[in-house]
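Any value given below was found using the heavy atoms of this structure, including those in side chains, with hydrogens, waters and symmetry copies removed. Every number for a ligand or one of its atoms is a count from 1 in the order of the listing.
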Amino acid sequence: MTRLIDTLKMRSLISQIPSAHDKLLFTPGPLTTSLAVKQAMLHDAGSWHFEFNSRVSAIRERLLALTGVSHDRGWETVLLQGSGTYGVEAVFLTCVPPQGKVLVLSNGAYGERIVKMLQHARIDHTVLRTPEDTPTDPNALDAQLRDDPAITHVAMVHCETTTGILNPLSEVGAVTRHHQRSLVLDAMSSFGAYPVDLEATGVDYLISSANKCLEGVPGFAFVICQRQKLEACAGFARSLSLDLLGQLKGFDANEQFRFTPPTHSLLAFEQALRELELEGGFPARLARYQQNHRILVEGMRAMGFRPFLDPAVQSCVITAFLYRHFPGFDFLTLYRRLSDSGFIIYPGKLTQTDTFRIGSIGRLFPADMRALLHAIDQATLEWRHTTTAAPTP
Ligand SMILES: *Cc1c(COP(=O)(O)O)cnc(C)c1O
């Protein structure tokens, strides 16, 4: 009887939890996820239990298959607790030899973050910068690799989420391979949408995370690499918890994370991968994001907002828009108004130019983009009217 009452009490408590009606996230991540992805987390999983561990192994296999590489050809997926940055840092802390040197190709905040982690780890490095609106230059890379034989690794951000610019992966891959250096690719915000052919482009370490285009919740990063290459890094690790080879050995030994795994995030990720498959894999997801992006840019242009980047180098992941110089325009006011209507956008991250950003990734569909545009139209009405009344010369 008491148990029945307890159950009933619990039921009534659960029914008071509001159904998922969260604000939509038009951000670089974490992103809006599906209800089923959130529901997958309503379970506890024992990290030592064989059932859970075989599900983790299946996730690792699934990520390889999605990337178009296989175990048989020596590829591995290493999952690592933490956000995406932890995965990127783990690669450098584990894989660069004591005398190694990294060339960082940077045109935004995430490239600069790599520079910062190398500084922290006291790993020798040099930076090849292009302006924030300019893709990495493969010719400059070629020259630098020719001139500096000490460079062992090249690091590039695939889609630099600061602006949404897409860097030239196949060209950079070809140059890096020609000079026989290792290529580290931060594919955080591109993986799941833009295909990366690891074997054709010569990427040695690809890093991404659960909560971007794969539409899971935050909790872990993953690195896809050749087992042999990673094993050749034995003894280099400058960190215990970010030791990528140590983590691989842990999975080898008992299919387990070495330290507490993000269990709920992994359960959610299983569902996110199922939904990716149902949608039609990477090509279908890319097509949806591209459609989202197209609707967004058209609608914003119609209201007078201009994207920061040239369309030729712009990805569909996220778009930076210039502040339009409406008298009185204020990003924080726009942000609050949109938030009140249920939409979260993002501030800019550029060093020189005032921009704000709107993402097209996550569980968002064309109808969501149109709803956002309508809200932006309403929220900017007064400024746009003032502008029409008193045009600036
Ligand atoms: C999101 C992102 C990261 C990782 O950021 P975290 O906040 O650590 O998850 C790294 N690089 C790029 C290009 C990203 O978009």
Side-chain angles (χ1 to χ4, degrees), residues 25-33 78-93 102 104-118 120-121 127 129-130 132-133 135-136 154-169 172 183-194 196 203 205-224 239 241-242 244 262 265-266 268-269 272 285-286 289 293 308-309 313-320 344-351 355 357-362:
L25 303 175
F26 296 83
T27 69
L31 303 164
T32 293
T33 55
V78 187
L79 310 178
L80 188 72
Q81 301 93 327
S83 79
T85 304
Y86 292 61
V88 180
E89 196 156 16
V91 168
F92 295 113
L93 295 189
V102 182
V104 184
L105 304 168
S106 174
N107 50 1
Y110 291 100
E112 295 307 315
R113 187 177 293 178
I114 292 177
V115 176
K116 221 176 270 173
M117 53 181 81
L118 295 170
H120 276 258
V127 191
R129 290 189 175 87
T130 46
E132 285 163 324
D133 62 354
T136 282
V154 173
M156 186 176 85
V157 179
H158 191 197
C159 170
E160 176 49 84
T161 324
T162 310
T163 53
I165 199 169
L166 206 54
N167 282 311
L169 176 57
V172 165
L183 181 57
V184 179
L185 186 69
D186 173 347
M188 213 66 66
S189 64
S190 58
F191 189 82
Y194 289 97
V196 175
V203 173
Y205 300 94
L206 176 147
I207 309 124
S208 191
S209 72
N211 63 275
K212 295 216 168 165
C213 299
L214 294 173
E215 301 188 356
V217 304
F220 63 95
F222 55 87
V223 179
I224 300 179
S239 159
S241 56
L242 296 181
L244 208 60
S265 171
L266 287 156
F269 195 65
R285 183 146 297 180
L286 178 63
Y289 291 164
H293 170 75
F308 169 72
L309 288 178
V313 299
Q314 168 81 60
S315 72
C316 63
V317 169
I318 194 164
T319 314
I344 301 292
I345 62 170
Y346 225 62
K349 216 178 191 179
L350 289 173
T351 47
T355 57
R357 290 179 290 170
I358 300 179
S360 326
I361 58 175

Notebook entry, point to check: F308 and T163: which non-hydrogen atoms are nearest, and at how many Å?
Noted result: CE2-CG2, 3.6 Å
Checklist line | Contact atoms of ligand 1, heavy-atom distance to V157 under 4.0 Å | finding: 13 (C)
Notebook entry, point to check: How close does the nearest protein non-hydrogen atom get to atom 13 (C) of ligand 1, and which residue and atom is it?
Noted result: T161 OG1, 3.2 Å
Check: Which option, M188, E89, R113, owns the non-hydrogen atom nearest atom 7 (O) of ligand 1?
Finding: R113
Item checked: Closest approach of any protein heavy atom to atom 9 (O) of ligand 1, naming residue and atom -> G84 N, 3.0 Å
Notebook entry, point to check: Taking all atoms of both residues into account, what is the closest heavy-atom pair of Q81 and Y86, and its distance?
Noted result: O-CB, 3.9 Å
Note to self: Could you report the tightest heavy-atom contact between L25 and L31, atom names first, then the distance?
What the structure shows: CD1-C, 3.6 Å
Notebook entry, point to check: E160 to ligand 1: N or O pair under 3.5 Å?
Noted result: no
Note to self: Under 4.0 Å from a heavy atom of C159: which atoms of ligand 1 are those, numbered in the order shown and with their elements?
What the structure shows: 13 (C)
Notebook entry, point to check: If every non-hydrogen atom of G84 is compared with every non-hydrogen atom of S209, which pair is closest and at what distance?
Noted result: CA-CB, 4.0 Å
Notebook entry, point to check: So is K212 in contact with ligand 1, going by heavy-atom distances below 4.0 Å?
Noted result: yes
Check: Do the rings of H158 and Y194 sit parallel, tilted or perpendicular, given the 30° and 60° boundaries?
Finding: perpendicular
Check: What residue and atom, counting heavy atoms only, is the protein's closest point to atom 11 (N) of ligand 1, and at what distance?
Finding: D186 OD2, 2.6 Å
Note to self: Can you give me the closest heavy-atom contact between S106 and E112, atom names plus distance?
What the structure shows: OG-OE2, 2.6 Å
Next item on the list: Run the numbers for me: atoms of ligand 1, each under 4.0 Å from some heavy atom of T85, listed by number.
Entry: 4 (C), 5 (O), 6 (P), 8 (O)
Checklist line | Side-chain donor/acceptor of T85 to backbone N/O of V88, under 3.5 Å | finding: no
Next item on the list: Below 4.0 angstrom from a heavy atom of S189, which ligand 1 atoms are there? Numbered from 1 as shown, please.
Entry: 15 (O)
